[in-house]
Student: 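Shown below is the structure under consideration.
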Number of protein chains: 2
Amino acid sequence: MNLHDLKSVCGSCTIRELCLPAGLSDEEVHLLDQHMEHRQVVSKGDYLYRVGDPFRSLFAISSGFFKTVLLHEDGRGQITGFQMMGELLGLEAIHSDHHVCDAVALEDSAVCTIPFDQFEQLGQVMVNLQHRFNKNLSREIVREHNVMMLLGSMRSEERLANFLIDLANRHAHRHQSSVEMTLRMTREDIGSYLGLKLETVSRLLSRFHDEGLLEVRGRRVKILDRNALALRRTEAQH
Amino acid sequence: MNLHDLKSVCGSCTIRELCLPAGLSDEEVHLLDQHMEHRQVVSKGDYLYRVGDPFRSLFAISSGFFKTVLLHEDGRGQITGFQMMGELLGLEAIHSDHHVCDAVALEDSAVCTIPFDQFEQLGQVMVNLQHRFNKNLSREIVREHNVMMLLGSMRSEERLANFLIDLANRHAHRHQSSVEMTLRMTREDIGSYLGLKLETVSRLLSRFHDEGLLEVRGRRVKILDRNALALRRTEAQH
DNA sequence: CATCGGGTTTGACCTGTGTCATTGTACCCT
DNA sequence: AGGGTACAATGACACAGGTCAAACCCGATG
């Protein structure tokens with residue numbers, strides 16, 4: 001194995017611990033690597049997969065940003081999540097062997113691919129991998145529980161505050177600034193995810209801006225008063 | 001092994017194919033059985049587990065009906081799902097080794113219990129079990145996607161119509177009447193799940209009743225015009 | 001059988017968010 | 001540089017669903 005090989009695999013990937021290989025030993029990571037296809041480019045606007053596509057592989061986001069969209073017969077669509085570096089795409093497809101939502105790159109991105117049948121075989125020999133994967137699936141369930149809470153019982157302001165803080169946390173986790181961020185999605189995307197209309201999202205951002213919680217210039221957002229923003233996530237204050 | 005033993009295990013369980021053992025061979029089911037504790041009673045109103053409880057076991061509902069409730073600091077709660085015979089409880093806890101919601105029996109129920117560490121070991125030796133379990137987790141993710149769609153982009157009438165049809169389908173799947181059902185939950189529970197207030201749920205039920213779609217008497221609901229009800233799930237008609 | 005209490009229904013009114021329409025802004029392309 | 005095409009901000013108004021309050025129903029309990 002030469003230097004080039006080393007650089008291209010999970011073992012030397014900077015986000016290794018955020019991603020599928022998290023918690024695996026070097027040998028295990030190496031074994032996993034053998035089955036993966038690394039760093040395939042997905043350009044901004046491209047679909048990684050679409051509803052109805054047969055499910056073959058899981059995708060780990062190596063860099064970039066995606067949204068997953070569920071579409072309803074009557075044209076309405078719902079964004080079910082935004083995914084960033086280190087997160088997995090395709091988990092929803094395991095159940096029916098077909099993708100049930102669209103995955104769209106919101107900026108130029110790269111993904112690593114692993115055929116799911118091979119992945120399951122690896123799970124048989126690597127307890128650790130299987131265990132971590134179970135946790136991964138469970139985490140996704142928990143994440144969605146929280147979105148249900150947000151959509152089912154929070155008011156618009158609370159929803160947006162939660163959204164922004166969550167985004168900031170995920171940036172921080174990736175050693176990116178959690179203060180200044182550039183949103184990868186449109187106001188309409190945010191609205192779809194939060195169960196609001198884009199006008200409402202826009203008005204709320206302006207409000208937060210006017211109140212000195214944020215500085216908003218188009219898609220650049222700077223969090224000026226994180227504590228105050230965090231308070232807005234809940235009804236308590238006024 | 002005597003007759004009583006036989007009756008108490010998955011192999012002879014009437015809902016075997018709806019439950020954890022679905023798709024397993026007789027030997028596999030037998031092996032699984034060894035590790036399970038069968039048919040523990042949970043009385044109406046009892047908590048199967050609560051937020052913060054350490055996660056040890058998965059629960060398969062052998063009979064009865066549950067709700068899972070996510071609670072927010074400020075007292076608000078969100079019902080994340082209603083579970084019936086054959087469905088699994090506890091999946092959300094795998095991620096953090098602690099339960100993150102409450103599970104409450106809405107009628108006298110019984111569950112079968114399997115320690116999760118033993119379950120994972122079984123998964124190592126039974127490809128099939130692991131494969132099915134992955135699908136199970138994925139199905140839960142898909143289910144929650146659909147709830148997100150419902151909460152994020154549907155109007156109250158559509159939400160309730162979806163809820164009723166979904167409930168009817170699940171009854172049918174269990175060979176129970178999908179026409180006459182008795183709701184196990186209060187109007188408030190339904191409202192919480194659907195992101196509506198109980199008054200709204202009540203009014204909608206009355207409306208469907210007046211329009212001849214349903215016959216509603218307290219918690220007894222009879223679906224009179226399934227097609228018309230199904231149409232209400234979407235915006236198209238008027 | 002009467003009482004009690006949680007759950008349900010219904011009404012009148014209010015408000016947060018959606019809708020529709022206009023204008024503003026920024027970036028891409030030639 | 002200019003001009004076109006998204007995306008975004010803002011205002012005026014409408015309405016679905018929330019809120020508050022009252023009455024009702026019905027099964028459990030003594």
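Just so we're on the same page: letters track the sequence lines, and every chain starts at 1. The analysis underlying the following values was restricted to heavy atoms, covering all of them including side chains, and did not include hydrogens, waters or symmetry mates.
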Student: Looking across every strand, which nucleic acid part, if any, lies under 4.0 Å from B:Gly191 by heavy atom: base, sugar-phosphate, or nothing?
Tutor: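 The answer is nothing, as B:Gly191 stays clear of every strand by at least 4.0 Å.
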Student: Within the modelled atom types, does a donor on one side and an acceptor on the other bring the side chain of B:Arg217 and the base of C:dT9 under 3.5 Å apart?
Tutor: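 Donor-acceptor pair under 3.5 Å: no.
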Student: Quick one: A:Arg76 CZ to C:dT19 P, roughly how many Å, whole number?
Tutor: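 In whole Å, C:dT19 P and A:Arg76 CZ are 10 Å from each other.
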Student: Going by distance alone, is a donor N or O of one side chain under 3.5 Å from an acceptor N or O of the other, for A:Thr113 and A:Ser57?
Tutor: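 Note: A:Thr113 and A:Ser57 side chains miss the donor-acceptor criterion.
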Student: Determine: side-chain N/O of A:Thr200 to OP1/OP2 of C:dG18, distance under 4.0 Å, yes or no.
Tutor: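 For C:dG18, OP1 or OP2 has a side-chain N or O of A:Thr200 closer than 4.0 Å.
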Student: Could you tell me the separation between the CZ atom of A:Arg159 and the C1' atom of C:dT17, rounded to a whole number of Å?
Tutor: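 One finds 10 Å between C1' of C:dT17 and CZ of A:Arg159, rounded.
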Student: In whole Å, what is the span from the CD atom of A:Glu157 to the P atom of C:dT15?
Tutor: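 Rounded to the whole Å, the gap is 17 Å.
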Student: So, is B:Thr186 close to the C:dG6 phosphate, meaning a side-chain N or O under 4.0 Å from OP1 or OP2?
Tutor: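 Negative; the distance criterion is not met.
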Student: Establish, from distance only, whether the side-chain atoms of B:Gln78 and B:His72 form a donor-acceptor pair under 3.5 Å.
Tutor: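 Judged by distance alone, the side chains do not pair up.
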Student: Rounded to whole angstroms, how far apart are CG on A:Leu151 and C1' on C:dT17?
Tutor: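 Taking atom C1' of C:dT17 as the reference, CG of A:Leu151 is at 15 Å.
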Student: In the structure I gave you, are the side-chain heavy atoms of A:Leu58 and A:Leu89 within less than 4.5 Å of one another anywhere?
Tutor: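 Result no, sub-4.5 Å side-chain heavy-atom pair not found.
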Student: Can you find a donor-acceptor pair, distance only, under 3.5 Å between A:Arg203 side chain and C:dT19 base?
Tutor: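 Counting by modelled atom types and ignoring angles, a donor-acceptor contact under 3.5 Å is found here.
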Student: Can you tell me how far P of C:dG7 sits from CG of B:Asp189, to the nearest Å?
Tutor: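 For the pair B:Asp189 CG and C:dG7 P, the rounded distance is 9 Å.
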Student: OP1 or OP2 of C:dT8 sitting under 4.0 Å from any side-chain N/O of B:Arg219?
Tutor: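 For C:dT8, OP1 or OP2 has a side-chain N or O of B:Arg219 closer than 4.0 Å.
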Student: Starting at CZ of A:Arg207 and ending at P of D:dG11, how long is that distance when rounded to a whole Å?
Tutor: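 Interatomic distance, CZ of A:Arg207 to P of D:dG11: 14 Å.
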Student: Round to the nearest Å and state the distance from B:Arg220 atom CZ to D:dG27 atom C1'.
Tutor: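 Atom CZ in B:Arg220 sits about 15 Å away from atom C1' in D:dG27.
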Student: At under 4.0 Å between heavy atoms, what does A:Ser202 touch on the DNA or RNA strands: base, sugar-phosphate, or nothing?
Tutor: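 Contact class for A:Ser202: base.
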Student: For A:Leu198, answer base if it contacts any base atom (sugar-phosphate contacts may also be present), sugar-phosphate if it contacts only those atoms, and nothing otherwise; contact means non-hydrogen atoms under 4.0 Å.
Tutor: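 Nothing: the residue A:Leu198, judged by heavy atoms under 4.0 Å, touches no strand.
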Student: Would you mind telling me which of D:dA9, D:dT19, C:dT10 lies closest to the side-chain atoms of A:Arg187?
Tutor: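 Within the option list, the nearest is D:dA9.
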Student: So what does B:Leu205 hit on the nucleic acid, given a heavy-atom distance under 4.0 Å: a base, only sugar-phosphate, or nothing?
Tutor: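 Counting heavy atoms under 4.0 Å across all strands, no contact is made by B:Leu205.
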Student: Do B:Arg143 and B:Asn146 pair up side chain to side chain, a donor and an acceptor below 3.5 Å, judged on atom types alone?
Tutor: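 Judged by distance alone, the side chains do not pair up.
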Student: Quick one: the side chain of A:Glu199 and the base of C:dC20, do they pair up donor-acceptor inside 3.5 Å?
Tutor: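 Donor-acceptor pair under 3.5 Å: yes.
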Student: Tell me yes or no: between the side chains of B:Thr234 and A:Asp74, is some donor less than 3.5 Å from an acceptor?
Tutor: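 Looking only at side-chain atoms, A:Asp74 and B:Thr234 do form a donor-acceptor pair, the distance falling under 3.5 Å.
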Student: Calculate the interatomic distance between B:Glu215 atom CD and C:dT9 atom P; express it in whole Å.
Tutor: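 In whole Å, C:dT9 P and B:Glu215 CD are 14 Å from each other.
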